[in-house]
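Heavy-atom basis, side chains included; hydrogens, waters and symmetry copies ignored. Start at 1 with the first residue, then count along the sequence.
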Amino acid sequence: MATEMVMPKLGLSMTKATITEWFKHEGDRVAKNDDTLEIETEKLTYPVPAPTDGVILKVVAETGTTVPVGEIIAYIGEPGEQIPASLSARPLQADPQSAAPAVKPPDGAETPTESGRIKIAPAAKVLAQKLNVDWSVVTGTGPGGRITKEDIEAFHQNPVSSPGVVAPSVAHQAQLGAFDTINFTEMRKAIATKMTESWSTAPMVTNHVKADVEDLIELRHRLNADLSDDQLKLTLTDLLVKILAKAIKRMPIVNATVSGDVIMLPESINIGVAMALDQGLIVPVVHDADKKDVFAISKEIRALSEKANKGSLAEEDITGGTFTVTNLGSYGSVDFFTPIINQPESAILGVGAARKEPAIVDGAITGRWLMGLSLTYDHRVIDGAPAAKFMAVILDLLRNPARALFEP
């Protein structure tokens, strides 16, 4: 009897995944634990090993197909072994509507439907004109897909509730002329959804400040001076994670999480470090950062970065964060920005470029290393005064980095 190969469950929150590539095909022989295909969840990409030795008798789910956890994706056995007679002759294929963004044809003032024109109630059309809403991109919930007044009101209040699905207006598309499209990957969809949810959930405020990091950079230089292996040298992000852990210890409110009508204050300080990938953004987490020295933190961040680039992060590597740091300083083109909170956290620190700039020290003008910091916080949890106090703690620790990094 042929062996069923099913969509694996690789994390507590995983309910489905998209097949991005089959490494083996029908008729190919595989050994147990050979990487047979690659799948993409909302967060990560994983290789899936063969559950047994044998030949791939049937691929049930083709590349591009999104399959629920536990459903059959292939059969493995020996040539001639039987597979269920009820199995369709055609494998599951990617849904063409989900595989490409919803782009409406730019050939008229309104988008034709199957019945010819958009179905919209007169009152809804009047309201849409009043609110300047393009009803061609509104999904109707009335009978037969008719757009109602309530649909227009809901779209006006939250026009990006379906990120990556809503198309540009017809008039705008007509002006674009020819254009290519890029399909949303599962990771891109997840990023779009999380950013939209965060933006619409939390009233966010961002405070900006220039931090004096002259002593921090000097300390980093001295710590790295005796290390011949560049892979072992400390980065500014490594140092900042440790400093942030100490600052959060003094101001635990920034470590909070909102859960319904309750503000939770976790005992653990788990700092997420945003990392850019070719296909999007991932935030691996340094758990219990306050309990680790800066060298252990550096080693862990390097390991997480390597796993992220290989696509081998585990779910525990990217969950449980309580505060996030995102560093764009290495590009040299950003001093300040407004990072979006990584829900359900309540704050995120954006780090800009460190530059040698004129500064007044003891009444004299001199050159100092200064770095832009941007703290975005959820005003439901953190008020302006505590946020300013937290930034003051960070500034103090940056001016006294040895104490921050090495004192218990």
So among T322, N270, I271, which one has a side chain to side chain contact (heavy atoms under 4.5 Å, CB included) with I248?
I271

Partner of F390 under side chain to side chain contact (heavy atoms under 4.5 Å, CB included), picked from L244, N207, I382, L395, is L244

For [X] and [Y], which heavy atoms make the closest approach, and how far apart are they?
| X | Y | result |
| --- | --- | --- |
| A308 | L277 | O-CD2, 3.8 Å |
| F337 | T326 | CZ-O, 3.6 Å |
| T376 | P339 | OG1-O, 2.9 Å |
| A202 | Q343 | CB-NE2, 3.5 Å |

Whether the side chain of [X] engages the backbone of [Y] through a donor-acceptor N/O pair (distance < 3.5 Å, no angle test) should be reported.
| X | Y | answer |
| --- | --- | --- |
| K242 | D290 | yes |
| N309 | E306 | no |
| S200 | E197 | yes |
| T36 | D34 | yes |
| D28 | H25 | yes |
| N342 | T324 | no |
| H287 | T319 | yes |
| W199 | M204 | no |

Looking at side-chain heavy atoms only, is the closest gap between T366 and E214 below 4.5 Å?
no

Side-chain contact test, heavy atoms from C-beta onward, threshold under 4.5 Å: evaluate it for F295 versus L232 and give yes or no.
no

Salt-bridge test for [X] and [Y]: reply yes if a basic N is under 4.0 Å from a carboxylate O, no otherwise.
| X | Y | result |
| --- | --- | --- |
| D215 | R403 | no |
| R222 | E218 | yes |
| R220 | D238 | no |

I'd like to know whether [atom1] of [X] has more than 12 heavy-atom contacts from other residues, nucleotides or ligands below 6.0 angstrom.
| X | atom1 | answer |
| --- | --- | --- |
| K356 | NZ | yes |
| K210 | NZ | yes |
| K246 | NZ | yes |
| K292 | NZ | yes |
| H379 | NE2 | yes |

